[in-house]
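Please read all numbers here as calculations on a predicted model, not as lab measurements.
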Amino acid sequence: MDQQNGDGGGAGQVQWGKLPGNTLYYGDNLFVLKEYVRRESVDLVYLDPPFNSNATYNVLFAEQGGARSPAQVKAFKDTWEWDIEAAHAYQETVQAGGPISQALQAFRLLLRDSAMMAYLAMMAPRLVALHRVLKPTGSLYLHCDPTASHYLKLLLDAVFGPAQFRNEIVWRRYGTHNDVGQGSRRYGRVHDVLLFYVRGAAPTWQQVFTPLDPAYVAGEYRTVEEGTGRRYSTSPLTGPGGEAKGNPVYEWNGHTRAWRYSQQTMQRLHDEGRLYYSRTGYPRQKLYLDESKGVPAQDVWDDISSLSGTHSERMGYPTQKPQALLERIIQASSNPGDVVLDPFCGCGTAIEAAQKLGRRWIGIDITHLAISLIKLRLRDRYGDAAQYTVVGEPVDLDGAAPLARENPYQFQWWALGLVGARPAQQYQKKGADQGIDGRLYFHDQGPNGKTKQIILSVKGGKTGPDHVRDLLGVLQSQGADIGVLITLQPPTQPMRAAAASAEFYHSPGWGQNYPRVQLLTVADLLTGKRIDYPPAAQTNVTYKKAPKAKVGAAQVALPTFPGA
């Protein structure tokens, strides 16, 4: 990875180094954690590492023979293989010694050279690195499923110590799941697991609450107070354990008991109308429904559903988690201004939740597609209020050229991100794409108008007029309205002539003409030039945008941080 600078969300250029949040890093999280995140600088870690939980067990645990070339974990393809890279990670961790070494060696005896062993070998050094960056008051939540949760728990025991385990949280993400029946011979799998560990003896903690069950409310809060219309239930006022526990004994309204409160407090509750009296004059305390915080959260979370097509926050990202899930974690285990880190940040749900709740954040991902998607998400949700830095992205041709040469797919995703386009093969590697690398959509005559399409092709190598003619052919076959060729090299005169021959797309909504085939270089994009089409701020519907953050008393003020 080239040591390049990056910018985002209105932040300025910064040099590589140990940066505070808010920062997005492009690169391998193990490298970033070791080199650019300070020891004991993070308050909360949430990670949802990729894993192929849909694979059958005989695939996950089967031995894999033969040497494979080293390869980074590919985005959105949650597969792991026992290859040279996995073997190297295993050897380095084992040679470092300690409990984590012993745990991996035990797993190797059981799992041998399987995909599961490769997954654990790659996760082990990352968990060690995450433990290093956590503050003594910090916490870690590892999101996984029952396929690997028992192995990961043992790894976390080895890294943090068994005494630092707090909870195995069960998140019921589905009501039912269509994977049962005679053929599967198993119960429906409807939950994920969150393994909750802490670094030290006094972790940051705020009790969070879940809503009261409607059936409980209907049964317990039956009484409506006259005059106010407030619903309430009642609670005994006798002191637990009686006089032996130090509760004051006195007469109140003809009843002598060991009471929970002092006489002064009882008088105040009476004056405020917060006491209910039976026919005999015996008092009970009123508990109002509108003052209830709910129920303290337990270790089974069944009140947050997974995202479906009906959820407004859904972006189409295959592993996206609901923001409410991350907000609960962040509210419980951090304070405003604390640093939240997500080393597999994907589409950025943890990042957005941290931003909303006034925390600093650090996100790391190994794909430019994820980084671009997070930038769009923050822009659409918070506009200029989201100030952050992107580290590791090319900012000039000297950075873009090596990326195009060494990793064409990352170059393609990065270039498409510069214009806010979606990859043609959504979140997957290039396949039978008919020469289409990306797409943009827009409505030329308002939200009820016909959807228009822009086709994009990205070329990191040598280009010529044939590429322009190919793009024009794709436009015609796809019925698209505008085609854009993004190139690393400047276009030749024959290429410009071929593009000009395509003439114009006429916008009926705006009454203007736009070049039907447009040629943009990476240098053009880095200097701010963009695709010429009907105003994107009003018409671009390529990505489903996150709703704008509401400004009001309920929104936490977002702090400003040096270098962020």
Side-chain angles (χ1 to χ4, degrees), residues 139 141 165-172 175 191 194 196 198 201-305 322 324-336 357 552-556:
S139 300
Y141 291 76
F165 168 72
R166 286 297 179 267
N167 288 103
E168 180 176 287
I169 300 165
V170 172
W171 172 42
R172 182 177 178 179
H191 80 277
L194 290 145
F196 172 27
V198 298
T204 299
W205 177 254
Q206 281 75 234
Q207 181 65 62
V208 294
F209 297 85
T210 59
L212 296 172
D213 182 83
Y216 175 81
V217 171
E220 291 296 320
Y221 292 88
R222 297 189 302 270
T223 309
V224 179
E225 188 176 63
E226 293 184 11
T228 66
R230 299 173 74 188
R231 288 187 172 273
Y232 67 89
S233 64
T234 62
S235 174
L237 283 163
T238 51
E243 188 176 8
K245 293 292 186 179
N247 296 297
V249 178
Y250 54 88
E251 180 186 345
W252 184 268
N253 204 36
H255 296 270
T256 301
R257 297 285 190 277
W259 302 103
R260 181 185 303 171
Y261 303 120
S262 68
Q263 283 186 281
Q264 292 84 354
T265 300
M266 286 284 277
Q267 186 63 50
R268 178 177 59 79
L269 293 173
H270 172 81
D271 295 342
E272 293 175 352
R274 290 179 174 268
L275 296 183
Y276 167 85
Y277 292 96
S278 69
R279 292 180 180 178
T280 65
Y282 190 80
R284 289 173 67 90
Q285 184 177 2
K286 293 180 182 178
L287 301 176
Y288 291 100
L289 176 60
D290 57 17
E291 292 180 347
S292 173
K293 294 180 179 179
V295 180
Q298 308 297 302
D299 63 1
V300 175
W301 297 356
D302 58 3
D303 60 318
I304 301 174
S305 61
L325 186 76
L326 275 300
E327 289 184 16
R328 178 171 297 173
I329 292 169
I330 291 170
Q331 288 171 333
S333 293
S334 70
N335 296 309
L357 296 174
Q555 183 181 351
V556 178

Can you see which heavy atom on [X] is nearest to which on [Y], and at what distance?
X      : Y      : answer
Phe196 : Ile169 : CB-CD1, 4.4 Å
Phe209 : Pro296 : CD2-N, 3.5 Å
Pro236 : Arg260 : O-NH2, 2.6 Å
Glu220 : Ser233 : O-CB, 3.0 Å
Gln206 : Asn335 : OE1-OD1, 3.1 Å
Gln207 : Ala297 : NE2-N, 3.5 Å

Evaluate the side-chain proximity of [Y] to [X]: yes if any heavy-atom separation is below 4.5 Å, no if none is.
X      : Y      : result
Trp171 : Pro322 : yes
Leu357 : Gln331 : yes
Leu287 : Thr234 : no

Open item on the list: Does the structure place the NZ or CZ of Arg231 under 6.0 Å from the centre of the six-membered ring of Tyr221, at an angle of no more than 45° from the ring's axis?
Closed with: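 Relative to the ring axis of Tyr221, which defines the angle, Arg231 lies outside at least one limit.
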Task: Aromatic Trp301 / basic Arg328 pairing, under 6.0 angstrom, 45° off normal - done: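 The answer is yes; both the distance and angle limits are met.
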TODO: Verify side chain to side chain contact (heavy atoms under 4.5 Å, CB included) between Arg172 and Val300, making sure each step is shown before the conclusion.
DONE: CA-CA 7 Å; Arg172 182 177 178 179; Val300 175; 5.6 Å; no
To the nearest 0.5 Å, how far apart are [atom1] in [X] and [atom2] in [Y]?
X      : Y      : atom1 : atom2 : value
Ser292 : Leu212 : OG    : CG    : 4.0 Å
Thr210 : Asp302 : OG1   : CG    : 8.0 Å
Glu251 : Gln263 : CD    : CD    : 9.5 Å
Gln285 : Tyr276 : CD    : OH    : 15.0 Å
Ser278 : Asn253 : OG    : CG    : 8.5 Å
Ile329 : Leu194 : CD1   : CG    : 5.0 Å

[X] (side chain) donor-acceptor with [Y] (main chain) under 3.5 angstrom:
X      : Y      : value
Lys286 : Gly273 : yes
Trp259 : Tyr250 : yes
Thr265 : Tyr261 : no

Open item on the list: Going by side-chain hydrogen bond (donor to acceptor under 3.5 Å, both in side chains), name the residues that satisfy it together with Ser139, two or more places apart in sequence or in a different chain.
Closed with: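 For Ser139 there are no side-chain hydrogen bond (donor to acceptor under 3.5 Å, both in side chains) partners, ignoring immediate neighbours.
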Task: Results of side-chain hydrogen bond (donor to acceptor under 3.5 Å, both in side chains) for Thr228 - residues two or more places apart only - done: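 Scan of Thr228 (side-chain hydrogen bond (donor to acceptor under 3.5 Å, both in side chains), adjacent residues dropped) gives Glu225.
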Task: Donor on one side chain, acceptor on other, Tyr232 and Glu291, under 3.5 Å - done: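 Side chains of Tyr232 and Glu291: no pair found under 3.5 Å.
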- [ ] Please check if any side-chain donor atom of Ser333 sits under 3.5 Å from a side-chain acceptor atom of Tyr141, or the reverse.
- [x]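 Their side chains do contain a donor-acceptor pair, which is all the 3.5 Å distance test asks for.
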Open item on the list: Which residue in the set Gln267, Arg268, Arg274 passes side chain to side chain donor-acceptor pair (under 3.5 Å) when paired with Asp271?
Closed with: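 Only one option passes, and that is Gln267.
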